[in-house]
Protein chains: 2
Amino acid sequence: MPIQQRSEETRARLLQAAVECFAQHGYDGTGVAEICEHAGVSKGAFYHHFPTKQAVFLALLQSWLGGLDEQMAVLRSAAPTVPEALRQTALIVPHILQASTGQMPIYFEFVAKASREPDTWRATLEPYHRYHELFTHMIAAGIAEGSLRPVDPAAAAHAILSFAVGLVLQGVLDPHGADWALVAQDSMEILLKGLQVP
Amino acid sequence: MPIQQRSEETRARLLQAAVECFAQHGYDGTGVAEICEHAGVSKGAFYHHFPTKQAVFLALLQSWLGGLDEQMAVLRSAAPTVPEALRQTALIVPHILQASTGQMPIYFEFVAKASREPDTWRATLEPYHRYHELFTHMIAAGIAEGSLRPVDPAAAAHAILSFAVGLVLQGVLDPHGADWALVAQDSMEILLKGLQVP
């Protein structure tokens, strides 16, 4: 097997082992040694791929968000207008919630620790900034195409992102507290009513 | 000193000691023994007031939210209309963020642990349900007074609460990421544009 391929396989095995260890023992309860043992990989090989356990978690998060980004890009390019793209985006919420089942305590343990480490923290916040930028571009495009009122795109993007973050957080904390798929659609209609040209 | 008064003082001392211990060593890093020592109170007295460390945290959260509830009730009764009350409520956001400074890792550590204990979990979710109910009543009152469109009050309340939760979460995670006071006001205007009778 070529070295490059073997190295990628080792990385993938470490990530998969980390998912399983985190699920079983929590983020705090899992150490690098345990991930290595579970993956059948040496500590040397681990540190070749990841400087820390935090880096493993961030890689998992990025790979998961990468899938979400792809879905959003497909919806965006398929939708005839920005309001329609936003409606379609709201339909992803149940998938996000399903994929997050059981992950919440792990994310929270990670965030609690990460907030005390400036570099990890910057990486933790990066997705929020990226989605804010993405929604800002969408709103600006909606104004340009004449479907949205001439609002401040960055401000409207904060409203959409806050709504999405709050919805996902509540949905993950309290899966049976509401029909979150319906809440996502209804809330998006209220936001669009506030944003669209009448 | 009357027994009743002494008992209340002990409880207050335990709560204050818990705040200081959590701030210094985190939620996970603080034990009941440490809270007792810091408060100068026996373990017997602790368990007279609180069954667990989780109960102490929930009491702190409830006392803090009690202050918020009072502020909201005052604003609601002073505002001439529901849209005006919602605008005023958005102005509380910077105060919530200021009061939350440094508390975020503690809340996240608590939530990560609490999610594994059904009784604690129900108590953790209670504020979300309560604020949803409060906003549902406000929206219904707005429809009744003729200022809001005849939306589904529960659905609109979910939109407002999601937006508030997402905003506070981002503001706490990333205090310098935006002017959150302004974001709260701008986002509320967009929501109101979607909710108000034109």
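Predicted model, so just to flag it, every value in this text is computed and none were measured. Every chain is numbered from 1, with letters handed out A, B, ... down the list of sequences.
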Asker: Could you grab the distance from atom CD1 of A:Ile190 to atom CD1 of B:Ile160, nearest 0.5 Å is fine?
Answerer: 7.5 Å
Asker: Heavy-atom distance under 4.5 Å to chain A: side chain of B:Leu167, backbone, both or neither?
Answerer: both
Asker: Can you tell which part of B:Asp179 gets under 4.5 Å to a heavy atom of chain A, answering side chain, backbone, both or neither?
Answerer: neither
Asker: Which atoms form the tightest heavy-atom contact between B:Asp186 and A:Ala155, and what is the distance?
Answerer: OD2-CB, 3.5 Å
Asker: Would the number of heavy atoms belonging to other residues, nucleotides or ligands and lying under 6.0 Å from CD of B:Glu37 be above 12?
Answerer: no
Asker: By a 4.5 Å heavy-atom criterion (distance strictly below it), what part of A:Leu173 contacts chain B: side chain, backbone, both, or neither?
Answerer: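 Contact with chain B: backbone and side chain both.
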Asker: Treat each ILVMFWY residue as a node, draw an edge where side-chain heavy atoms are under 4.5 Å apart, and state whether A:Val74 and A:Ile92 are in one component.
Answerer: no
Asker: Under 4.5 Å, counting heavy-atom pairs only, tell me which of A:Ala112, A:Ala159, A:Ser187 racks up the most with chain B.
Answerer: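 The answer is A:Ala112.
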Asker: Which answer fits B:His129, side chain, backbone, both or neither, if we ask what part of it has an atom under 4.5 Å from a heavy atom of chain A?
Answerer: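 When you check distances to chain A, only side chain atoms of B:His129 fall under 4.5 Å.
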Asker: What is the distance from atom NZ of B:Lys193 to atom CG of A:Leu192, rounded to the nearest 0.5 Å?
Answerer: 14.5 Å
Asker: I'd like to know if the side chain of A:Trp121 reaches the main chain of B:Asp174, judged simply by a donor and an acceptor atom lying under 3.5 Å from each other, with no hydrogens or angles considered.
Answerer: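 No; zero donor-acceptor contacts below 3.5 Å.
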Asker: Only pairs at least two apart or in different chains count here, so list each ring-ring contact (aromatic ring centres under 6.0 Å, His included) that has a residue in residues 159-198 of chain B.
Answerer: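 The answer is A:His158-B:Trp180.
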Asker: Under 4.5 Å from any heavy atom of chain A, what part of B:Leu125 do you find: side chain, backbone, both or neither?
Answerer: side chain
Asker: Hydrophobic clusters here meaning ILVMFWY residues chained together by side-chain heavy-atom distances under 4.5 Å, can you tell me if A:Leu195 and A:Val197 are in one?
Answerer: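 The answer is no; the residues belong to distinct hydrophobic clusters.
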Asker: Treating Ile, Leu, Val, Met, Phe, Trp and Tyr as nodes and any side-chain heavy-atom pair under 4.5 angstrom as an edge, say whether B:Val151 and A:Leu182 lie in one connected cluster.
Answerer: no
Asker: So what's closer than 4.5 Å to chain A heavy atoms on B:Leu161: side chain, backbone, both or neither?
Answerer: both
Asker: Any idea which of B:Glu189, B:Met188, B:Arg149 has the most non-hydrogen atom pairs under 4.5 angstrom with chain A?
Answerer: B:Arg149
Asker: Could you grab the distance from atom CZ of B:Phe108 to atom CE of A:Met104, nearest 0.5 Å is fine?
Answerer: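 Taking CZ in B:Phe108 and CE in A:Met104, the distance rounds to 10.0 Å.
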Asker: Flag yes if B:Val93 and B:Leu91 sit in one hydrophobic cluster, no otherwise; membership is Ile, Leu, Val, Met, Phe, Trp, Tyr, and two members link when side-chain heavy atoms are under 4.5 Å apart.
Answerer: no
Asker: Distance check, rounded to the nearest 0.5 Å: A:Leu191 atom CG versus B:Ser162 atom OG?
Answerer: 10.0 Å
Asker: By a 4.5 Å heavy-atom criterion (distance strictly below it), what part of B:Glu109 contacts chain A: side chain, backbone, both, or neither?
Answerer: both
Asker: In terms of heavy-atom pairs under 4.5 Å with chain A, which of B:His132, B:Gln170, B:Lys113 leads?
Answerer: B:Gln170
